[in-house]
Amino acid sequence: MKIPKLSKTRFLAGLQCHLRLWYECYNRDLMSETDPVQQTMFDTGHEVGRLATELYPGGVRIEEDHFHHEDAVRSTLEVLKNRDAPAIYEAAFLEDGVRIRVDVLQRVNDNAWNLIEVKSSTKVKTEHVPDVAVQYHVLQRAGLSVSLAGIMHINNQYVYDGRNLDRNSFLTFSDQTEEALSQQGVIPSQLAVLKDMLAKNEPPGIIPSPHCKKPYLCSFWEHCTQAMPEYWVVNEKGVSAKIQEELRAMGVEDIREIPADFPLTPKLQLRRNCVVNQKEYIAPELGGKLMKVEHPIHFLDFETMGPAIPRYAGTRPYQTVPFQWSNHIMHENGNIEHQEYLCLEDKDPREEFTETLLKTLGEKGSIVVYTTYEKGVLEGLAEHLPHYSDRLLAVIGRLYDLHVVVKNYYYHPEFHGSFSLKAVLPAVVPEMQYDDMEIQEGQMASLQYLRMIDPATTSEEKEKIKRDLLEYCAQDTFAMVRIREELLKRV
């Protein structure tokens, strides 16, 4: 059997899981489709990479794609001979059975080069070290002397002036030469192990465990877990890796199989009992906590965006910028009305967002939110808009976190350890679902909003996205209304 060549991506996949690498080489059809949010992250990485090359002007780009790697290697070798080329973008190499593309290879002199790997993160992460190290290994095997190796990443302290993106301030370099050198002794043996595994006729026998999600969720997760039980311990949020390991050693995969005398924390024991008995848990204090509100009760939710490349003056990379709110208002007589806001223009929405928000919330009544996310957004607005600061801080003082109440005083077997709104709603209010909605979670809302304000999007598509956004945000706030109503019925 011919052993497939490794690539940097495959090498990193193999470090995470041998089975993942096996599937990537031999059974890619088992891979889950890339969802729009993931694709946007990839696109962001490509755009940041393009901006990084502008810091090394005059360089030569290797145009051949990954399907034509050998051609790309030949083009790279030609450019290496050109002493006038100050840098090479996407330089291609194949050594020791490993293919790599170097984001930026900067010429130091005739004999030495700098290796620059570009990331769209705001810091160097642990998993970035082997990324740089394996490239260092290949470059050395190719006969290149590497003076410096490191990560070019986003500087999250950079503030955009609204006119020109300062590449030198937006991006920052972190020297990882020592870290890359420290890995050179182990990389040959790591490569040998992976090649030996790929030379076998059968895939490695690896069962799903927490390693499948570190550092990233494996793209074969759905395939590998399709036969797991409904209450699979690994999928139950809040169960530590240590407990999972102990249960696996006992042959326990389903939370219903955990022995009654197995040492669990009180919260996990309560959850186990709920699942075993298929019965919800209602704390005696739940009713009192749910009633600790003042009318009119506002059920509030925000939608936000945080683009890697700042869009508006005074914003930083990945800074949270709210563009939409929904408010379901329950009056003392039981009547409910709905008010909402969505910025429809490509402009900094924060001023208009705040003005309309303060108007809808008035000065009376509890403001029900789900988690502290809205609190953080309000604090950011108070800092950015000091003329509204006092009123926004007063709003923060009226917040009531329904998430805390549910988490501390109620549990349903169908939560599977998660207290997110998306997990709680279908369990408590089965007739309300997100599954049939075009937008089902916040990251997708952010992505669709950016599409809506994109001049390239057609007017028909803009109108559809607008309807989808309004429907999704309204669903979140009405979900809180219904969850509270249903829980009150239970007590």
Side-chain angles (χ1 to χ4, degrees), residues 31-51 118-122 153-154 156 160 165 170 213 215-219 221-222 300-312 315-326 340-350 352-353 369-371 373-374 376-377 380-381 418 420-423 425 433-479:
M31 183 184 294
S32 298
E33 290 186 12
T34 301
D35 65 44
V37 174
Q38 287 177 307
Q39 186 58 54
T40 299
M41 293 172 63
F42 296 149
D43 294 343
T44 296
H46 294 321
E47 178 61 17
V48 172
R50 186 192 65 77
L51 291 173
V118 183
K119 300 294 182 185
S120 57
S121 61
T122 58
H153 60 87
I154 293 173
N156 63 359
Y160 179 46
L165 186 75
F170 171 64
K213 300 182 180 181
Y216 307 108
L217 178 65
C218 175
S219 48
W221 171 259
E222 290 184 9
L300 183 67
D301 181 69
F302 297 161
E303 298 306 329
T304 64
M305 59 177 166
I309 302 171
R311 198 175 187 97
Y312 306 117
T315 60
R316 300 183 304 277
Y318 293 114
Q319 181 173 335
T320 299
V321 177
F323 59 81
Q324 180 181 10
W325 57 255
S326 172
E340 60 191 357
Y341 164 81
L342 173 63
C343 183
L344 300 177
E345 304 172 53
D346 185 6
K347 66 177 183 181
D348 187 339
R350 289 175 292 177
E352 189 174 270
F353 177 97
V369 292
Y370 206 84
T371 76
Y373 188 76
E374 278 70 22
V377 174
L381 290 172
S418 173
S420 72
L421 196 60
K422 307 303 182 291
L425 180 63
Q433 301 283 341
Y434 285 87
D435 293 346
D436 58 350
M437 299 178 66
E438 290 292 327
I439 298 174
Q440 300 178 13
E441 47 88 27
Q443 285 185 301
M444 178 59 77
S446 175
L447 170 60
Q448 291 295 80
Y449 179 72
L450 290 171
R451 284 190 59 233
M452 187 186 76
I453 60 176
D454 187 339
T457 304
T458 65
S459 56
E460 293 82 3
E461 186 65 13
K462 285 176 184 286
E463 188 61 30
K464 180 183 182 304
I465 295 172
K466 173 187 171 183
R467 291 194 304 270
D468 292 341
L469 283 168
L470 292 174
E471 179 188 18
Y472 170 70
C473 198
Q475 170 97 339
D476 276 354
T477 50
F478 193 56

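Applying the side-chain hydrogen bond (donor to acceptor under 3.5 Å, both in side chains) test to E441 and every residue at least two apart in sequence or in another chain returns nothing. Here S446 pairs with nothing under the side-chain hydrogen bond (donor to acceptor under 3.5 Å, both in side chains) rule; sequence neighbours left out. Listed by chain and residue number, nothing satisfies the salt bridge (Lys or Arg N to Asp or Glu O under 4.0 Å) test with K213 (two or more places apart in sequence, or in another chain). Applying the side-chain hydrogen bond (donor to acceptor under 3.5 Å, both in side chains) test to Q38 and every residue at least two apart in sequence or in another chain returns nothing. Residues satisfying the side-chain hydrogen bond (donor to acceptor under 3.5 Å, both in side chains) criterion with T304, sequence neighbours excluded, are Y373.
One distance of note links OG of S120 with CZ of F42; it measures 10.0 Å at 0.5 Å rounding. The structure places OH of Y318 at 4.0 Å from CD1 of I154, a figure rounded to the nearest 0.5 Å. T40 contributes atom OG1, which lies 8.5 Å from atom CD of Q448 (distance to the nearest 0.5 angstrom). Of the inter-residue distances, the one linking L425 atom CG with Y370 atom OH reads 9.5 Å to the nearest 0.5 angstrom. Note: E463 CD to D468 CG = 10.5 Å, rounded to the nearest 0.5 Å. Between the CD atom in Q324 and the CZ atom in F302 there is a gap of 11.0 Å [rounded to 0.5 Å].
For the residue pair P317 and F170, the shortest heavy atom distance occurs at CG-CE1, 3.7 Å. The two residues M305 and P307 have their closest heavy-atom pair at C-CD, 3.8 Å. The minimum heavy-atom distance between Q475 and Q433, with the atom names listed, is NE2-O, 2.8 Å. The shortest non-hydrogen separation linking G442 to E303 is CA-OE1, 4.0 Å. Nearest heavy-atom pair, K462 versus T457, reported as atom, atom and distance to 0.1 Å: CE-O, 3.2 Å. Annotation for T477 and L300: closest pair CG2-C, 3.7 Å, computed over non-hydrogen atoms.
Atom CD of E222 has 12 or fewer heavy atoms from other residues, nucleotides or ligands within 6.0 Å. No more than 12 heavy atoms of other residues, nucleotides or ligands shown are found within 6.0 angstrom of CE on M41. Shown here is R316, whose CZ atom has no more than 12 heavy atoms of other residues, nucleotides or ligands within 6.0 Å.
For Y160 (side chain) and I309 (main-chain N/O), no donor-acceptor pair under 3.5 Å exists by modelled atom type. Formation of a donor-acceptor pair under 3.5 Å by the E345 side chain with backbone atoms of I453 is not found in this model.
Proximity of L469 to M452: side-chain heavy atoms (C-beta onward) are separated by under 4.5 Å at one or more points. Using a 4.5 Å heavy-atom cutoff, the side chains of I439 and E471 are not in contact. Considering only heavy atoms from C-beta on, D35 stays 4.5 Å or farther from Q443 through its side chain. Two residues are said to be in side-chain contact when any heavy atoms from C-beta on lie closer than 4.5 Å; D43 and E47 fail this criterion. Looking at Q319 and P310, their side chains never come closer than 4.5 Å, going by heavy atoms from C-beta outward. Looking only at side-chain heavy atoms (C-beta outward), D476 and Y434 come within less than 4.5 Å of each other.
Pairs passing the ring pair (Phe, Tyr, Trp, His ring centres under 6.0 Å) check and including a residue from residues 437-467, sequence neighbours excluded, read F323-Y449.
The aromatic rings of Y341 and F353 lie perpendicular to each other, with more than 60° between the two planes, well past the 30° mark.
With respect to E438, the salt bridge (Lys or Arg N to Asp or Glu O under 4.0 Å) criterion is satisfied by exactly one of K464, K466, R451: K464.
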